[in-house]
Number of protein chains: 2
Amino acid sequence: MTEQQRRPTLMDVAQAAGVSRALVSIVMRGAPGAAEATRQKVLGAARELGYRPDSRARLLRSTRTKLLGLSFSTAHAFHAEIVDAAYAEASAKGYELALGGVTSGRPEDRTIEALLDFGSEALILISPTLSSDELARYAGQVPVVSLLRNDVGELTDSVSSDDYEGIRMAVEHLVSLGHRRIVHIDGGTAVSAEPRRSAFRAEMERRGLEPAIIAGGAMEEDGMTAGNSLGPDMPTAVIAFNDRSALGLIESLRAQGLKVPADVSVLGYDDSMFARLSYVQLSSISQDAPLLAAAAVDRAVARIEGTQPPGHVVRTPHLVARRTTAAPAAGG
Amino acid sequence: MTEQQRRPTLMDVAQAAGVSRALVSIVMRGAPGAAEATRQKVLGAARELGYRPDSRARLLRSTRTKLLGLSFSTAHAFHAEIVDAAYAEASAKGYELALGGVTSGRPEDRTIEALLDFGSEALILISPTLSSDELARYAGQVPVVSLLRNDVGELTDSVSSDDYEGIRMAVEHLVSLGHRRIVHIDGGTAVSAEPRRSAFRAEMERRGLEPAIIAGGAMEEDGMTAGNSLGPDMPTAVIAFNDRSALGLIESLRAQGLKVPADVSVLGYDDSMFARLSYVQLSSISQDAPLLAAAAVDRAVARIEGTQPPGHVVRTPHLVARRTTAAPAAGG
DNA sequence: TCATTTCACTAGAACGATCTAGAAGCCTGA
DNA sequence: TCAGGCTTCTAGATCGTTCTAGTGAAATGA
């Protein structure tokens, strides 16, 4: 029904403009070596014919693809923010992004293979779940940058946020408000749950405080469950593993008739869109995901274009104080 | 530092196996025309060398790419669910997906061009914002399927949910519970806000009820603002434009000291992950996004492989009753 | 027995770009 | 006037596949 006409090639443009294929190629990629007059003539002909270079052919010949592969998980809403930021930075550096989604039915390696097939010159993996060895195998083919996870071995680059420092700031913030009975609802088996857990323990002990830790997870449900188990001796402040868990916790506290932050202060982690919701206004530790994403893109581009060895970039998070943290009630 | 060795080609495998390039090609693509013994020999050699076909070269030669372009918006969390479902269905049909993100700094047409550059044989656009004319222009090149929006002209396929029927079900549900004073907080200028608004008006009038409509939007803030403006004569039930708006509304009602659903019933739209949160349990109209996504993929594949004309698929949504809707208090 | 078909395989031309090497034209300076 | 050096342009090879049109050998049929 609909007529799918053959798309014009370099040859067509060359004939229309009365020059050689090679010259059209030169003009199309903006390379030096064409007179201004012919350049205009060729561009005119190309526009006339609606010519668009065929990237497959182009990529086949020139080893450069100017393409960065980015894998993200559809299960994590905040990955979308990272994708956003990565697009912006890649575009600024003159690169295009190939996106690969990791879903429950589509494991990470499958996604990576697809990204490589598209011709990605480097890979940026958000919180990769592969082992260091597997990552190293891919790193033998193209530069690989792990985002938000840093225990990836020496062959893989990483850009991450300093979990210890984040937790330290969280404790600092609450202690300076006057809290002493602080609980950490941890992330269970989630990525970076362990470093945050041990950072909490170390930091509390350093201050001579009791490091109470409750098993949690990355989702609202985990926060609720943990919140319900707080019952007997309620702390005056809680540091959740992340914002979503914090939300569940707040809901549980509400159900128990407790006010946040009057009765209990709650601190999230990630400064995600959940924390920023106007009716939530959750105090949170920001990893500045967009900045990290930009750094990861920079890193990938540097690896592609330079000859520097893999490295690990660690950025310092910062605290965003909103409405869920305050000084404890007198005598808390 | 890291040694990026040249990847093996068909030629390398051919030499290792002692056969011609063409035969290796036949074996690699599983085409008929090779003896079982040689097939095994070739596969062995390929495995040995770690050969992976170069998709760029492959795609250049064979016009088929088996690639579907899917554009989604990073601003809409539920697009992630659609991506999930689309991956599954595409994979089942033997296609790969090329993802393109639409962000604030990256308009839809830019994303589409990138998807075409990757060699997409068809495009699936989630809630496209382009005009019918612009869509038609792309539809002249490849089949284009609009997902969740159906006013896209005759050259573009569409797969969408019946908004009228969705709103009808919403009203029906509330009326059958005993509600008569029902308000619709609309979606403002969002996609499908208008059809839902007029469906609400028509359906309420058909039942001899007053169709009260309040200006809203697609986000939590819009629901809160609208909720705060309800003040004077509070209805017994509200149909929000979507789940996020419903969440904001619920928050506003809470702040006003009203209980949901005891004082006011709230119905969302989309049955998104927000509605399913265990502490929310929002009653909602489900568009069954995953099913729609699968249908869109089917449609795209059918268009690619067959010669049928563009068409519009409309599916019926269904109601998911959870904890935010109930009979009104006596005398409500 | 010999023509015909089938099967397994191959040589070489595509695909649509880029890249290399070199040619033609014009300028410059001695 | 001519060597040398630009600038502008072109022919042809090339990237790694798939496709077309075969070839040769074995199997089949009358």
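Residue numbers start from 1 in every chain, and the chains themselves are labelled A, B, ... in the order their sequence lines are given, proteins ahead of strands.
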Students often get this wrong, so: under 4.0 angstrom with heavy atoms, is [X] touching a base, only sugar-phosphate, or nothing?
X: Thr38(B); result: sugar-phosphate
X: Ser25(B); result: base
X: Ala34(A); result: sugar-phosphate
X: Ala35(B); result: sugar-phosphate

Please tell me which of the listed nucleotides, [options], lies nearest to the side chain of [X]?
X: Ala57(A); options: dC15(C), dT10(D), dA17(C); value: dA17(C)
X: Arg58(B); options: dT17(D), dT10(D), dT18(C); value: dT17(D)
X: Arg29(B); options: dT18(D), dA17(C), dG16(D); value: dT18(D)

Residues Arg64(A), Arg58(A); criterion side-chain contact (heavy atoms from CB on, under 4.5 Å); working and verdict: CA-CA 9 Å; Arg64(A) 298 302 315 277; Arg58(A) 161 178 285 180; over 6 Å; no
For atom [atom1] of [X] and atom [atom2] of [N], their distance in whole Å:
X: Lys41(B); N: dC9(C); atom1: NZ; atom2: C1'; value: 11 Å
X: Leu59(B); N: dC15(D); atom1: CG; atom2: P; value: 19 Å
X: Leu23(B); N: dA21(D); atom1: CG; atom2: P; value: 19 Å
X: Met28(B); N: dT17(D); atom1: CE; atom2: C1'; value: 12 Å
X: Gln15(B); N: dG16(D); atom1: CD; atom2: P; value: 13 Å
X: Leu60(B); N: dT18(C); atom1: CG; atom2: P; value: 12 Å
X: Met11(B); N: dT18(D); atom1: CE; atom2: P; value: 15 Å
X: Asp12(A); N: dA17(C); atom1: CG; atom2: C1'; value: 13 Å

Pairwise 5' ranking along DNA chain C for Val19(B) and Ser62(B), keeping only the more 5' one: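 Result of the comparison: Val19(B).
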Residue mapping more 5' on DNA chain C - nearest nucleotide basis, Ser20(B) or Arg61(B):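 It is Ser20(B), whose closest nucleotide lies nearer the 5' terminus.
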side-chain contact (heavy atoms from CB on, under 4.5 Å) evaluation trace for Val159(B) with Ile124(B): CA-CA 10 Å; Val159(B) 173; Ile124(B) 300 173; over 6 Å; no
Ser25(B) and Arg29(B): side chain donor to acceptor below 3.5 Å: yes
Distance test, side-chain N/O of Arg56(B) to OP1/OP2 of dG16(C), below 4.0 Å: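 Checking dG16(C) against Arg56(B), no side-chain N or O comes under 4.0 Å of OP1 or OP2.
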Donor-acceptor pair under 3.5 Å, Arg21(A) side chain vs dT18(C) base: yes
Approximate separation, where rounding is to 0.5 Å, of Ile82(A) CD1 and Leu148(A) CG: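 The CG atom of Leu148(A) is 4.5 Å from CD1 of Ile82(A), to the nearest 0.5 Å.
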Option passing side chain to side chain donor-acceptor pair (under 3.5 Å) with Gln287(B) (candidates Asp270(B), Asp162(B), Thr316(B)):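 The side chain to side chain donor-acceptor pair (under 3.5 Å) with Gln287(B) is passed solely by Asp270(B) among Asp270(B), Asp162(B), Thr316(B).
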